[in-house]
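Since the structure comes first, as C-alpha cells, the remarks are kept for the end.
A, B, ... follow the sequence lines: proteins, then strands. Residue 1 opens every chain.
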Amino acid sequence: MTRFYLTTAIDYANGEPHAGHAFEKVGADVIARYRRALGDDVHFVIGMDEHGQGIAEEAERRGTETQAFVDELAELWAGVWRRLEISNDDFIRTTEKRHRHAVEAIVEGMKASGDLYVDSYAGYYCVRCERFRKEEELVDGRCPYHPKREITWTEEENWFFRLSRYRDPLLSHLEEHPEFVQPASRRNEILRLLEGGLDDISASRSRLPWGIPFPGADDHTVYVWIDALTNYLSATGYPDEGYARWWPATLHIIGKDITRFHCVIWPAMLMSAGVELPGTVWAHGFVSVSGGKISKDAGSELDLDELIDRHGTDAFRYFLVREAPWDGDRDFASASELLDRFDQRYNAELANDLGNLVSRTAAMVHKYRQGSIRVGAETPLDEARASFAASYHERMQDYLLHEGLKEIFGLVRRANVYVDEVRPWELAKEGEAAAERLDAALGSLVRCLRGVAAMLGPFMPSKAAEIWLRMGGGEGLPTHSDASVPPAGASGEGAKPTTPLEVRRGPSLFPRYEPEA
RNA sequence: GGCAGGGUAGCUCAGCCUGGUAGAGCAAGGGACUCAUAAGCCCUGGGUCGCGGGUUCAAAUCCCGCCCCUGCCA
C-alpha cells in the first residue's frame with residue numbers, strides 16, 4: 001500500500017477562520033480523500049500554531065490566560081473543519097507536549113551538527129510576521145504587511161541557525177528533485193532566491209515567555225518558525241521509535257506566502273538535524289475579493305458560516321475548488337460577484353446538470369424497469385466514461401483539482417446529451433422490440449453515475465455517497481476499484497455488476513436556488 | 001529597480017511551444033422534445049485576440065519596443 005502523509009500549514013491562533021483558510025483545507029482534504037479512494041495509506045494532519053509574541057499579546061488584550069485563549073481558538077477552528085467535513089486523521093497543536101518533545105529533539109540535532117551559534121542581534125521585529133525586517137524594507141517606519149502595527153526595535157543575544165551553509169545543498173536538491181517545490185512558478189522563485197544567497201537566521205528569542213524553552217538556554221525560547229515548522233515532524237511521533245511510519249511527508253500543502261519557510265528553512269533544518277526531506281511542497285494561491293481576504297470586512301454574507309449555509313457544505317466545497325485553480329489565484333471583483341458566481345454554478349452545474357441527471361436516470365429506471373436494472377451491453381456512454389475517468393485521474397495525480405472536477409462535469413454533460421440521443425421514452429414505447437437497447441441505455445447511465453459518484457467523492461463526500469446509494473451502491477463512499485471507474489491501468493471489475501442494481505429515487509439532491517425577488 | 005507570469009466574447013478562461021479564415025463554459029435570444037429539479041438537448045448573436053512596429057504568401061501565435069495588472073526579490 002502506498003504511504004501518503006499529507007499536511008496543511010498549521011493556522012495561526014489569532015482570530016477566526018475565513019474562506020481563504022477553508023480553500024486550503026478543502027483542497028488538501030480532496031487530495032486526502034482521493035488518495036484514500038485509490039487505496040493509499042493516508043495520514044492527513046492539520047493543526048494550530050499557538051506560540052509567539054502576537055498570541056501572548058492578543059490573549060493579554062482580551063484579559064485571558066494564554067493557554068485558555070489558544071484552547072478556545074483551537075476548538076473554534078476544529079469545529080469549522082468538522083463542519084466542512086475535513087477528514088484529517090490528526091490535529092496537532094504546538095502547545096502540546098509531543099510537539100515540544102520533537103522541537104527539542106530537532107534543535108539538539110541542529111546543535112550537534114554545529115549549525116547553531118550565539119550572536120547578538122539588533123533589528124526591527126514585526127510581531128505579526130514573527131520575523132525581523134530590515135530597515136530598508138519598512139514603509140513609513142512600519143512593516144509593509146502590517147502597517148497598522150508599531151514595529152519594535154529589538155536588541156538581544158540570540159542563537160542563530162547557519163542557514164547560509166545550506167544554499168548549495170538546497171540548490172542541488174531542487175536540481176535532483178524538481179517535484180520538491182510545485183507548481184513550477186514557485187520553484188523558480190525559490191531557485192532565484194537561493195541563487196541570491198542565504199543569510200543565517202535567528203533560532204531563538206530572548207525574554208519571550210510564550211514559547212518552547214531553547215534547549216540548554218532557558219532564558220531563550222525557540223524562534224516561532226522553527227517551532228511551527230517542526231509540527232509536521234512532531235505529528236509523526238518524532239524522535240521516538242516508529243516515526244518513520246509516516247515520515248517523510250509525501251506532500252506539504254501551504255499558501256504561496258510562506259514558501260521560503262517551507263522550501264528553504266524547513267529542508268535546511270531537516271538536513272542539519274539529519275532527517276529525511278519531504279517529497280513535495282505545494283504552494284497554492286489565494287481566493288480573494290478585490291485583492292483582500294474574504295472575511296466579514298468584505299461583507300457580512302462572506303462570513304464563512306454564512307457561505308456554508310447558503311447551499312450547504314458540499315456545494316461550498318465544490319464552489320471553492322471549481323472556481324479557484326489549485327495552482328493559481330482567484331480574485332472576485334466584489335462580494336456580490338462572488339455570491340452571483342456561487343449561485344450560478346450551484347444552479348447550472350449542481351442542480352441542472354448533475355442533480356437533474358440523477359433524478360431523470362432514477363425516474364426512467366423506475367418507470368421503465370421497476371427500479372431494477374440488469375447489466376446491458378456497453379454503449380458509447382461507457383466509452384465516454386472511461387475516457388473522462390482517465391483524464392480525471394491524470395489531473396488528480398498532478399494535483400490539478402479544479403481540472404479533475406472539470407472532467408467529472410464533462411462526463412455529466414455527455415450523459416445528458418446521451419439521454420437525448422437514445423430517447424429512452426421512445427424505446428419504452430416500442431416494447432419488446434427495443435427492450436435490449438433500453439436495458440443497455442439505462443444500464444450505462446447508471447454505471448456512468450456510479451463512476452461520477454466515485455470521482456466526486458473527494459470533492460462532495462455527502463452528495464457523492466447519496467448518488468452512490470441511489471445507483472444501487474449501498475452505504476458509504478465507493479473506492480475507485482469498486483466503483484465503475486477504475487484508475488488508469490486497472491481493470492474495471494465493478495463496471496458491470498452481475499446482479500441487477502436496485503436504483504432508488506429520492507428528493508432533489510440540489511434543489512434549485514431561487515433568490516427572493 | 002531586478003526576475004517571473006499575465007493582458008483573447010458581458011464574465012471566467014482555453015488556444016500561443018509545433019504560424020494557416022478566432023474557441024469553451026456561464027449569462028442573453030430562438031427552436032424541437034418530454035424521462036427529469038420549467039431542468040436537459042439543438043441553433044443563434046456577440047471579440048480591431050493591450051498598443052505600435054517587424055519577419056512571413058499568411059501572426060492571437062515568432063521577433064523588437066511601449067503601456068497596464070499580478071507575484072517573488074530588493
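Atoms NE2 (A:His311) and P (B:U37) sit 20 Å apart, rounded to a whole Å. When rounded to the nearest whole Å, the span between CD of A:Gln182 and P of B:G5 equals 17 Å. Here the P atom of nucleotide B:A14 and the CD atom of A:Glu407 are 15 Å apart, to the nearest Å. At whole-Å resolution of the value, OH in A:Tyr346 and P in B:U37 are 14 Å apart. Here B:C69 presents its P atom at 17 Å from CG of A:Asp329, a figure rounded to the nearest Å. Per the geometry, CZ belonging to A:Arg192 stands 9 Å off C1' belonging to B:G2, to the nearest Å. Remark: P of B:A39 and CG of A:Leu354 are 16 Å apart, rounded to the nearest angstrom. Atom pair A:Leu174:CG and B:C72:P shows a separation of 18 Å (rounding to whole Å applied).
Here, B:C63 and B:G6 have their P atoms 13 Å apart, quoted to the whole Å. B:A36 and B:G40 are spaced 8 Å apart, taking the C1' atom of each and rounding to whole Å. Nucleotides B:G25 and B:U21 place their C1' atoms 24 Å apart, quoted to the nearest Å. A gap of 15 Å separates the C1' atoms of B:C67 and B:G53, to the nearest Å. If you take atom C1' in B:A14 and the same atom in B:G52, they sit 27 Å apart, rounded to whole Å. For B:U56 and B:C43, the P atoms lie 42 Å apart once the distance is rounded to whole Å. Spacing of C1' atoms, B:U34 relative to B:C41, comes out at 11 Å, to the nearest Å. B:G50 sits 15 Å from B:A22 when the P atoms are compared, rounded to a whole Å.
Note: A:Phe319 and A:Phe342 have parallel aromatic rings, judged against thresholds of 30 and 60 degrees for the angle between ring planes.
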The contact string for nucleotides 24-35 of chain B, one letter per nucleotide 5' to 3', using protein heavy atoms under 4.0 Å with B, S and - for base, sugar-phosphate only and none, comes out as -BS------SSB
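Nucleotide B:G1 has B:C73 as its partner under the Watson-Crick or G-U criteria, with both atom distances under 3.5 Å. Pairing for B:G25 is with B:C11, a Watson-Crick or G-U wobble pair whose two hydrogen-bonding atom distances lie under 3.5 Å. The base-pairing partner of B:C35, taking Watson-Crick or G-U wobble contacts with both distances under 3.5 Å, does not exist among the strands shown. Nucleotide B:C62 forms a pair with B:G54, judged by Watson-Crick or G-U wobble geometry with both contacts under 3.5 Å.
Residues A:Trp326 and A:His284 bring their aromatic ring centres within 6.0 Å. No close placement of the A:Phe316 and A:His311 rings is indicated, their centers lying 6.0 Å or farther apart.
Side-chain contact check for A:Tyr166 and A:Asp115: at least one donor-acceptor pair (N or O, by modelled atom type) lies under 3.5 Å. Remark: the A:His21 side chain and the A:Tyr12 side chain contain no N/O donor-acceptor pair separated by less than 3.5 Å. Judged by distance alone, the side chains of A:Tyr34 and A:Gln397 do bring a donor and an acceptor atom under 3.5 Å apart.
Place A:Asn416 and A:Asp257 on RNA chain B by their nearest nucleotides, and A:Asn416 ends up nearer the 5' end. Residue-to-nucleotide proximity on RNA chain B shows that, of A:Phe510 and A:Val417, the 5′-proximal contact is made by A:Phe510.
Nucleic acid contact for A:Ser185: none, since no nucleic acid atom lies under 4.0 Å from a heavy atom of the residue. As judged by a 4.0 angstrom heavy-atom cut-off over every strand, A:Leu357 is placed among residues making no nucleic acid contact.
Under 4.0 angstrom from either OP1 or OP2 of B:A39 there lies at least one side-chain N or O belonging to A:Arg512.
Salt bridge annotation for A:Glu349-A:Arg512: absent, with no cationic side-chain nitrogen under 4.0 angstrom from a carboxylate oxygen.
Between the A:His262 side chain and the A:Thr259 main chain, no donor and acceptor come within less than 3.5 Å of each other.
Applying the ring-ring contact (aromatic ring centres under 6.0 Å, His included) criterion to A:Phe510, with sequence neighbours excluded, gives no partner residue.
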